[in-house]
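Encoded as structure tokens, the structure appears first; notes follow it.
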There are 2 protein chains.
Amino acid sequence: MAASIIDVARAVGVSPSTVSRALRGRDGVSDELRVRIIAVAADLGYTASRNASSLASGRTCSIGVLAPYVGRWFFGTVVDAAERVFSAAGYDLLLYNLGSVDSRKRFFAELPVRKRVDAILSLLIPTGDEAERLRSLGIPLAITVGGPRPGFTTVGIDDRAGAELATRHLVNLGHRRIGRIGTRPSAPLYWTTPDLRRRGYLDVLVDAGIPHDPDLEADGEYTVEGGERAMTRLLTAVRPPTAVFAESDEMAMGALRALRAHRLRVPEDIAIVGFDDHELADVVGLTTVAQPVAEHGTQAASLLLRLLRDDTDVPDHVELPTHLIVRNSTAPHRGSLHGDIE
Amino acid sequence: MAASIIDVARAVGVSPSTVSRALRGRDGVSDELRVRIIAVAADLGYTASRNASSLASGRTCSIGVLAPYVGRWFFGTVVDAAERVFSAAGYDLLLYNLGSVDSRKRFFAELPVRKRVDAILSLLIPTGDEAERLRSLGIPLAITVGGPRPGFTTVGIDDRAGAELATRHLVNLGHRRIGRIGTRPSAPLYWTTPDLRRRGYLDVLVDAGIPHDPDLEADGEYTVEGGERAMTRLLTAVRPPTAVFAESDEMAMGALRALRAHRLRVPEDIAIVGFDDHELADVVGLTTVAQPVAEHGTQAASLLLRLLRDDTDVPDHVELPTHLIVRNSTAPHRGSLHGDIE
DNA sequence: CGCACTTGCGCAAGCGTTTGCGTTCGGTTG
DNA sequence: CAACCGAACGCAAACGCTTGCGCAAGTGCG
């Protein structure tokens with residue numbers, strides 16, 4: 001059986017309380033005794049039981065992370081980055097995969113994190129009710145997607161401006177029939193900020209005096225398959241687009257696949273611009289709006305730690321930069337005379 | 001403050017022990033009382049504190065997952081799949097990202113999972129010492145990569161056979177100068193089975209009567225960048241390969257990038273075959289050896305659950321199938337007359 | 001030299017559950 | 001009808017730690 005704090009205490013000849021204080025750096029222990037205790041503890045291979053210690057202290061030294069789907073590059077990257085920060089600070093990471101409607105419902109109904117975590121990092125946007133449930137826990141909360149939100153610390157990007165970047169790029173290339181594939185808040189589990197990327201897209205169209213054509217918009221899941229299906233739908237329009245803004249790189253890659261299936265060339269026949277700067281966007285030559293994905297995790301995690309330390313002046317929103325990366329999936333519109341004048 | 005079991009007990013007018021038994025489905029409680037207790041508990045929004053309950057019962061209802069890098073597609077997918085199984089069974093998932101030498105060392109030195117998890121799922125191959133430490137925990141252990149291993153339940157593929165599949169494909173296409181990019185056990189943190197994929201590659205070469213040329217092998221990290229660097233190195237050889245077997249799709253994609261940088265066409269100038277069937281392998285048209293990645297997680301998680309249930313006849317190794325998927329990154333060797341005769 | 005502090009440590013009461021055992025009580029048995 | 005038994009429930013002791021408080025010895029000061 002693993003050694004307990006009592007074993008250590010007995011071995012040193014002191015009380016358990018002294019061992020506890022010594023090991024956790026609290027004062028009230030002489031230096032000489034402390035080193036002896038530490039040595040004995042190491043010798044016995046003693047590690048404090050987190051359960052017992054959190055029961056007693058009320059602190060759990062773990063953070064709950066809510067993700068819709070760790071398998072997806074974006075979330076995996078964020079979780080990875082956050083974990084580094086947390087583990088460096090001595091916190092463990094409890095991962096909850098809330099991708100399905102079921103698991104998500106169950107989670108918010110039972111709230112298994114209650115009394116189990118010191119803070120929560122959500123990579124999904126809670127609904128109003130869900131947010132209320134989370135707030136009821138009375139612990140620091142952070143969200144890495146979507147805009148500022150009362151009761152939550154948020155880190156994110158300016159989705160609208162990012163989408164404008166992408167769309168304007170296409171406009172500048174001479175495109176007029178610009179499609180959009182993305183997600184609308186219709187789905188029960190959509191996770192991006194309601195419509196913000198779409199708004200950016202629409203803004204630029206208006207700005208450029210391009211009439212809006214609903215046939216040029218297609219929604220689906222934020223996945224390769226979702227993008228593929230959405231793109232396929234766009235292609236069946238009476239007048240298909242000459243360029244498409246995909247709200248995520250994974251959707252953009254799905255679009256690429258659909259285009260290949262239809263024997264259309266990119267960017268000659270159709271230009272594509274994505275969003276995120278996926279690890280492999282470079283490999284497939286995808287023009288995209290880059291955002292510092294890992295930074296989402298790093299920042300959010302750091303903010304939570306500061307909150308846990310009762311730091312003052314912890315900002316409640318951090319905005320990360322975006323910028324356009326032009327690769328080979330976009331080119332001037334054929335039949336258009338002006339190039340990209342950006 | 002959240003309701004405790006005592007609050008529930010008082011509200012119903014029974015003892016805490018009865019509440020505990022009622023809520024956890026133990027018998028010794030009349031049906032009528034049980035429903036009343038359940039109702040009151042729900043009403044009060046009571047959730048048992050996992051900490052207290054695991055302290056008392058010795059069961060933690062959580063599983064530790066060791067991953068080298070959740071951000072990588074392979075691991076993210078496995079973790080995701082495993083999480084679904086665990087959470088469905090009421091287990092929480094404690095994620096430990098052991099990608100860096102530091103974090104890995106610290107983890108095995110302190111073993112923070114001690115008394116914190118009921119079982120461990122490792123996505124990395126522990127060294128001898130590390131394995132020893134894990135075994136000392138006295139809990140069920142599973143590994144999703146690498147072959148059978150005493151003291152561990154393993155699920156994996158036949159790496160050697162998979163590599164043979166890939167290499168033979170290239171041989172059959174008429175290639176004779178076949179390169180390999182992958183990882184050798186030289187690195188302190190390599191995670192694939194020592195050399196098995198390489199062995200498969202070598203086997204086929206011997207079989208085909210192709211002399212081995214060390215200049216055609218390049219090792220690096222299992223990442224896009226690693227693959228890119230390795231490929232670049234191969235290209236600087238006196239006589240570069242006409243085909244390359246990459247030990248992972250991510251490396252293969254890196255190779256693709258390197259080739260594009262060198263203005264070489266795939267598959268005309270160089271054929272590439274990868275390993276894993278990455279989500280995006282399809283998008284880039286990569287020929288690859290497919291393995292059911294999510295299945296690694298699902299299977300391993302299920303096996304652990306069975307072990308925790310004290311099931312009998314739990315196999316200690318499950319082998320998953322692999323198969324070759326031919327796409328556009330491979331083609332017959334130019335100047336070679338015979339096509340793929342597979 | 002007496003006083004008030006400080007320092008270093010032990011005591012013991014939790015923290016919120018689970019669980020072995022004991023008790024009560026209505027209902028079989030022989 | 002006594003003896004017995006199982007069902008239903010309460011008691012209290014863990015589980016392994018933290019921490020407020022108390023106490024003794026040592027320190028500085030006037």
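Lettering follows sequence order; numbering is per chain, from 1.
- Qualifying side-chain hydrogen bond (donor to acceptor under 3.5 Å, both in side chains) partners for B/Asp118, counting only residues two or more places apart in sequence or in other chains: B/Thr60.
- For the segment residues 56-64 of chain A, residues with any heavy atom less than 4.0 angstrom from an atom of DNA chain D are, sorted by number, A/Ala56, A/Ser57, A/Arg59.
- Take A/Ala48 and apply the side-chain contact (heavy atoms from CB on, under 4.5 Å) test, not counting sequence neighbours, and it matches A/Tyr46.
- You can see that DNA chain C meets the heavy atoms of chain B within a 4.0 Å-exclusive cut from C/dG16 to C/dG20, reading 5' to 3'.
- Partners of A/Tyr69 according to the side-chain hydrogen bond (donor to acceptor under 3.5 Å, both in side chains) rule, which considers only residues two or more places apart in sequence or in another chain, do not exist here.
- Every pair passing salt bridge (charged side-chain N to carboxylate O under 4.0 Å, His left out) that includes a residue from residues 76-89 of chain A is listed here, sequence neighbours excluded: A/Asp80-A/Arg84.
- Applying the salt bridge (charged side-chain N to carboxylate O under 4.0 Å, His left out) test to residues at least two apart or on different chains, the pairs with a partner in residues 298-307 of chain A are A/Arg306-A/Asp311.
- For DNA chain C, the residues of residues 11-20 of chain B within the heavy-atom distance limit of 4.0 Å (strictly under) are B/Ser17, B/Ser20, sorted by number.
- The side-chain hydrogen bond (donor to acceptor under 3.5 Å, both in side chains) test applied to B/Thr153 returns no partner, not counting sequence neighbours.
- In DNA chain C, the stems built from three or more successive Watson-Crick or G-U pairs (distances below 3.5 Å) are C:1-30 with D:1-30.
- Residue pairs satisfying the side-chain hydrogen bond (donor to acceptor under 3.5 Å, both in side chains) criterion with at least one member in residues 11-27 of chain A, sequence neighbours excluded, are listed as follows: A/Ser15-A/Ser17, A/Ser15-A/Thr18.
- Contact check of residues 33-55 of chain A against DNA chain C (heavy atom, cut-off under 4.0 Å) returns A/Leu33, A/Leu55.
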